[in-house]
Amino acid sequence: MEDTVYTASPQRLQPYAQNPTQLVNFYYFRILIRANTVMDYQFKDIEQKWQQFWAENHTFKAEDNSTKPKYYVLDMFPYPSGAGLHVGHPLGYIASDIFARYKRLKGFNVLHPMGYDSFGLPAEQYAIQTGQHPALTTEANIATYRRQLDLIGFSFDWSREVRTSSPDYYKWTQWIFMQLFNAWYDKKADAAVSIDVLINHFETEGSAGIDAVCDDDVQSFTADEWRAMSHNDQQSELLKYRLTYLRESTVNWCPALGTVLANDEVKDGVSERGGYPVEQKKMMQWSMRITAYAERLLQGLDTIDWPEPLKEMQRNWIGKSTGASVKFSIENDTEKVIEVFTTRVDTIYGVTFVVLAPEHEYVAELTTPEQKAAIDAYITKTKKKSELDRMADTKTVSGAFTGSYVINPLNGVKVPIWIADYVLAGYGTGAVMAVPSGDQRDYLFAKYFNLPIIPILDSQNTEKEADPTKEGHYINSDIINGLEYKEATATVVAKLEEIGAGKAKINYRMRDAIFGRQRYWGEPVPVYFKDGLPYLIEESDLPLVLPEIDKYLPTESGEPPLGRAEGWSYKPHPNPPREGGLNEPTGKVSPTGGDLEGAGGYEYELSTMPGWAGSSWYWYRYMDAKNDKEFASKKAIEYWKDVDLYIGGSEHATGHLLYSRFWNKFLKDIGEVFVEEPFKKLINQGMIQGRSNFVYRLLDELGRGTNMFVSHGLTKQYNTSAIHVDVNIVENDVLDIKKFKAWRPEFADAEFILESGKYLCGVEVEKMSKRYYNVVNPDDIATRYGADTLRMYEMFLGPLEQSKPWNTNGIEGVFKFLRKFWKLFHNEQNQFSVTDGQPSKAELKSLHKIIRKVEEDVERFSFNTSVSSFMIAVNELTDLKCNNRDILQQMVIILSPYAPHICEELWSLLGNAPGTISYALYPKFNPEYLVEDEFAYPISINGKTKINLSISLSLDPPAVEQFVLASPDVQKYLDGKTPKKVIVVKGRIVNIVL
RNA sequence: GCGGAAGUGGCGUAAUUGGUAGCCGCACCAGACUUAGGAUCUGGCGCCGCGAGGCGUGGGGGUUCGAGUCCCUUCUUCCGCACCA
């Protein structure tokens, strides 16, 4: 208990100043009273005792061989940051723990594990500053997390703990990477297929008949040509098909962090972590061919029970659009064509120019000497604009003419080629066919540069702006004149295909995911290089362990930190033991076939995997966490199959949750796992925001701060400035002046202008963060009120999905409830005392109401409403002076998922074997106890309730109507009139229409 | 701009199918026990009104015997996306 309990404010002590004996008495009584109240419900002892019991007895170890149905409840595992947990973090864990405990009571074999996503940037940034190895700080942070988690009484099966940064774990992350490297995506099979199949095909039939998701620049060759190729040429061709591949691509480079970032790690042109500027840069990078799965990732969303907003975010991110690609040949150039993607191919006769992104690869060649100055100037100008500026400035029209022209494939019309930064290099082909009559951006561009605007539909009005309508009949459009939209589109596509100038196409906004990070604290990529080409290391050499380095910084020559590792190179085995040809594409082209010259070994890949690698499959590792032969045994995967309930934050919508679905689909394709979607049901818990408190420093005439502070309600009368004050020295927005003076030396002599004898603080909702002094720590709450109170209060705060500010005001209500619950089992002297015998009707009614209510609430994740229902039940039982063993024993079971410690204690006081409550049977609801024979009908006149009348429920509606109309109380309202109509809904309402 | 979610007492919230709006808790007020309370118990507590009564779920309109709930419209807040061809 807090020591402040024994202190008294100076004002309070004032009356005793003259009388020391009285003062002593004052303290004596305070302590006595305190001791009395502490005597009843000793949460501290109880909670410690049971937490220890659970740990020692492995109470929550999930069974691997069970005849019970399985249920898998998963939390998003945390990154163990140095700041520890604040009160917002456990919200989702508490909800999932209640659910897991509830499912156990319902007879399920529950898998409820926890672990740590322990690779990541903050530990490395800290290492750069302090020189401490990230493994050490991570270890220390994990210890803090574990201590904090244990305090809350979760029913995790800790025997299955995983840490992504542990070599036993990342061995399998590397292993999955290898499988991806050894696979390609066969569109015909619509699945990932072994690279051996592709090689086999090349050897027998060449590239003909392959329909793969691959790089754009793959070659066409016959089987003979393939066999004639050098080993290196074969390897670099294969790389264009692999699901993880190395390719020069435009990446988000963050100079401040010294690494590339994935698209989902960049927000508004700056890095999500740290907010550093990000620039586009071309780099050789590992990528994951997630685009191969775009359609399946999209379709799968319809089969899973996830929040609609989250699914919508993923759909958005995938960004499917249906249209056509069209090739425009270039005037005076027979080789090159400009390919565009359009969703309105029907508007092709309205094309009056073509626009390329300034970064488009043909820009230099297409620029005529006369236009070179203008184009160069424009490119320089756009390059100067940062990503942010470019996004912010969407109104200004800008661009430049290249001097070249393309030919419209359908009507042969010559139109100019422009460049403009409203065309994005990263979307579609980086080129658009501009139809100013139908597209507003094209329209503004045409107006600005005085280019023609051709209407193509008779219903189109292009006087003031573009008209994107699809209504009406086509005009100025040759082969589709007079047709309507649907027909016209089909006709144009058919014609384009016929003349080989285009085809129907589906485009996705999603890009392949960059997979390398130029950082230290991540999984090493299990790859070495020979002749500049990447090869996998032997599977038997896994895990490829992170080497020690002297500094966590890039090398002098700009290589990633791993470049500092001394003697870190790969030495293939002379006769490597191999199984299934994992490491080498074919026997013939083995890079490890003894042609290694010198003994220095080959250089490893120096970048590491991104943060999302380890989290993209971890739920499988929990199924069989100790397995050193496989990432999880087939048997375990077959039994646990998928996650039934996943709880976590929506901030992972387009990162973790998308990548996990991708890897899962891949693992399914190669037969390692059995389900298409890993997380059947997902719930986003809301964010807990901080609730900051402020004090108001009085300013003097010159605007300088004084040491006088004005209570919030009086600030209008004074000139003040607001200062954040630690929320832990404020209760119900009343400042604890004594603690405030002690908070910081500068406030030791502070003076106050009070209102009604109190200093009231101002309030604002902000992020929960150290710098706002609004962080509330679960440890403090648990110390003061206990874990059971903390658990129930977090649920009581409101619906799980809703974001809300943390406010400790009100926690007393939950604390009182638990004490009241405790008292049901104890007499005035706090001695355990229950009676045997038949429960009363009223007691049974209360019990069965709560049995049903909690069941319904938990099934729909409405935990806040069950907490109030528990309060109602305990209030009722207290009023009934209930201490019946039957009733109370069942109450204990129902409450145990919410408040497990107190329930364990009472369960064993009731004489049950310790620890068995976790696997007790949830009480069965019996509706008979809730049957009523009377109902107090609300009687309303014209829809407005006037009185209540108790009427037997055996009466049918006409009899009720008769009874009601005969009632003198109702007669009074009727005022002699005859009702036009009387509506009687049995057991609900009576409405009289006058 | 597009998409989504949400607006109910002083505060957090409840009302599962259209059927008594405000359950439960906090705060507040009054009382009891008390020399002494930050304990406990009892009662009160949407707004206006002495009362009878009236009004009331962001605003306006509609459907209905009956609307917090359904429909239209509008405002506000939060979240996501944003030159996507």
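So that the names make sense, note that chain A is the first sequence line, chain B the second, and so on, each numbered from 1.
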Open item on the list: For the P atoms, the ones on B/C72 and on B/A5, what distance do you get once it is rounded to whole angstrom?
Closed with: 14 Å

- [ ] Please tell me which of the listed nucleotides, B/G25, B/C81, B/C83, lies nearest to the side chain of A/N875?
- [x] B/G25

Task: Chi class for B/G9: syn within 90° of 0, otherwise anti - done: syn

Task: Atom-to-atom span, CD1 of A/I939 to P of B/G19 - whole angstrom - done: 17 Å

Task: Sugar-phosphate only, base, or nothing, as touched by A/F796 at under 4.0 Å among non-hydrogen atoms - done: base

TODO: Considering just the side-chain nitrogens and oxygens of A/R819, establish if one lies under 4.0 Å of OP1 or OP2 belonging to B/U40.
DONE: yes

Task: Given B/C83, B/C55, B/A85, the nucleotide with the shortest approach to the side chain of A/V423 - done: B/A85

Open item on the list: If I pick the C1' atom on B/C29 and the same atom on B/G46, what distance separates them, to the nearest angstrom?
Closed with: 16 Å

- [ ] Go through A/Y759 and A/F740 one step at a time and tell me if the side chain to side chain contact (heavy atoms under 4.5 Å, CB included) criterion holds.
- [x] CA-CA 11 Å; A/Y759 189 96; A/F740 179 72; over 6 Å; no

Open item on the list: Does A/P805 reach a base, just sugar-phosphate, or nothing at all? Heavy atoms under 4.0 Å.
Closed with: nothing

Open item on the list: Can you tell me which nucleotide in B/C84, B/G38, B/G80 comes closest to the side chain of A/M313?
Closed with: B/G80

TODO: Indicate, with a heavy-atom threshold strictly under 4.0 Å, whether A/K816 touches base, sugar-phosphate, or nothing.
DONE: sugar-phosphate

Collect all protein-nucleotide pairs involving nucleotides 64-69 of chain B in which both atoms are nitrogen or oxygen and the distance is under 3.5 Å.
| residue | atom | partner | partner atom | Å |
| --- | --- | --- | --- | --- |
| B/C65 | O2' | A/N991 | ND2 | 3.0 |
| B/C65 | O2 | A/N991 | ND2 | 2.7 |

Task: Nucleotide of B/C83, B/G19, B/C26 approaching A/N809 most closely (side-chain heavy atoms) - done: B/C26

Open item on the list: Can you identify which nucleotide, out of B/U20, B/G4, B/C81, has its nearest atom closest to the A/P309 side chain?
Closed with: B/G4

TODO: Evaluate the ring planes of A/F863 and A/Y898, with Trp represented by its six-membered ring, and classify them as parallel (under 30°), tilted (30 to 60°) or perpendicular (over 60°).
DONE: perpendicular

Open item on the list: For the C1' atoms, the ones on B/G10 and on B/C28, what distance do you get once it is rounded to whole angstrom?
Closed with: 9 Å

Task: Separation of A/K823 NZ from A/L877 CG (nearest 0.5 Å) - done: 15.0 Å

TODO: May I have the distance from A/R691 (atom CZ) to B/A27 (atom P), rounded to whole angstrom?
DONE: 13 Å

TODO: Using whole Å, report how far CD of A/E876 lies from P of B/C24.
DONE: 10 Å

- [ ] Nearest 0.5 Å please: distance from the CZ atom of A/F328 over to the CD1 atom of A/I348.
- [x] 4.5 Å

- [ ] Let me know the distance between CD1 of A/I989 and C1' of B/G18, rounded to the nearest Å.
- [x] 11 Å

Task: G-U wobble or Watson-Crick pairing nucleotide for B/U20 (cut-off 3.5 Å, both distances) - done: none

Open item on the list: Strictly by Watson-Crick or wobble contacts shorter than 3.5 Å, is anything paired with B/C11, and which nucleotide is it?
Closed with: B/G25

Open item on the list: Quick check on RNA chain B: between A/R860 and A/A431, whose nearest nucleotide comes earlier from the 5' end?
Closed with: A/R860

TODO: Please figure out whether A/T945 or A/R441 has its closest RNA chain B nucleotide nearer the 5' end.
DONE: A/T945

TODO: Give one of base, sugar-phosphate or nothing for A/D442, where a contact means two heavy atoms less than 4.0 Å apart.
DONE: nothing

Task: C1' atoms of B/C70 and B/U57, separation to the nearest Å - done: 16 Å

- [ ] Please work out whether the ring planes of A/Y785 and A/F815 are parallel, tilted or perpendicular, with thresholds of 30° and 60°.
- [x] perpendicular

Listed pairs under 3.5 Å, donor-acceptor, residues 942-950 of chain A side chains, sequence neighbours left out:
| residue | atom | partner | partner atom | Å |
| --- | --- | --- | --- | --- |
| A/N942 | OD1 | A/L994 | N | 3.0 |

- [ ] Could you tell me the separation between the CD atom of A/E856 and the P atom of B/U17, rounded to a whole number of Å?
- [x] 11 Å

Open item on the list: Using a heavy-atom cut-off of 4.0 Å across all strands, would you classify A/K820 as base, sugar-phosphate, or nothing?
Closed with: nothing

Open item on the list: Base, sugar-phosphate or nothing for A/E801? Non-hydrogen atoms, less than 4.0 Å.
Closed with: nothing

Task: side chain to side chain contact (heavy atoms under 4.5 Å, CB included) between A/M687 and A/L91, worked out - done: CA-CA 9 Å; A/M687 243 205 348; A/L91 183 74; over 6 Å; no

Open item on the list: Can you see whether A/Y378 engages A/S398 through a side-chain donor-acceptor pair at a distance of less than 3.5 angstrom?
Closed with: yes

- [ ] Assign the ring pair A/H848 / A/F925 to parallel, tilted or perpendicular, where the plane angle (0 to 90°) is split at 30° and 60°.
- [x] tilted

Task: Per A/Y427 side chain, nearest of listed nucleotides B/A85, B/U20, B/C83 - done: B/A85

- [ ] Kindly state whether the ring of A/F445 and the ring of A/F353 have centres lying under 6.0 angstrom apart.
- [x] yes

Task: Residues touching RNA chain B, which here means a heavy atom under 4.0 Å, drawn from residues 863-873 of chain A - done: A/N864, A/T865, A/S868, A/M871, A/I872

TODO: Could you state the atom-to-atom distance from CG of A/L797 to P of B/A14 in whole Å?
DONE: 11 Å

Task: B/U63 to B/U69 separation - P atoms, rounded to the nearest Å - done: 15 Å

TODO: Please state the P separation for the pair B/G60 and B/G68 - nearest whole angstrom.
DONE: 13 Å

Task: Rounded distance in Å between the P positions of B/C2 and B/C48 - done: 41 Å

Task: side chain to side chain contact (heavy atoms under 4.5 Å, CB included) evaluation trace for A/V415 with A/N408 - done: CA-CA 7 Å; A/V415 297; A/N408 187 325; 5.7 Å; no

Task: Rounded C1' spacing from B/C47 to B/U40 in Å - done: 33 Å

TODO: Starting at atom CZ of A/F815, determine the distance to atom P of B/G38, rounded to an integer number of angstrom.
DONE: 17 Å

Task: Interatomic distance where CD1 belongs to A/I318 and P belongs to B/G80 [whole Å] - done: 19 Å

TODO: Could you check if a side-chain atom of A/V337 sits within less than 4.5 angstrom of a side-chain atom of A/Y362, using non-hydrogen atoms only?
DONE: no

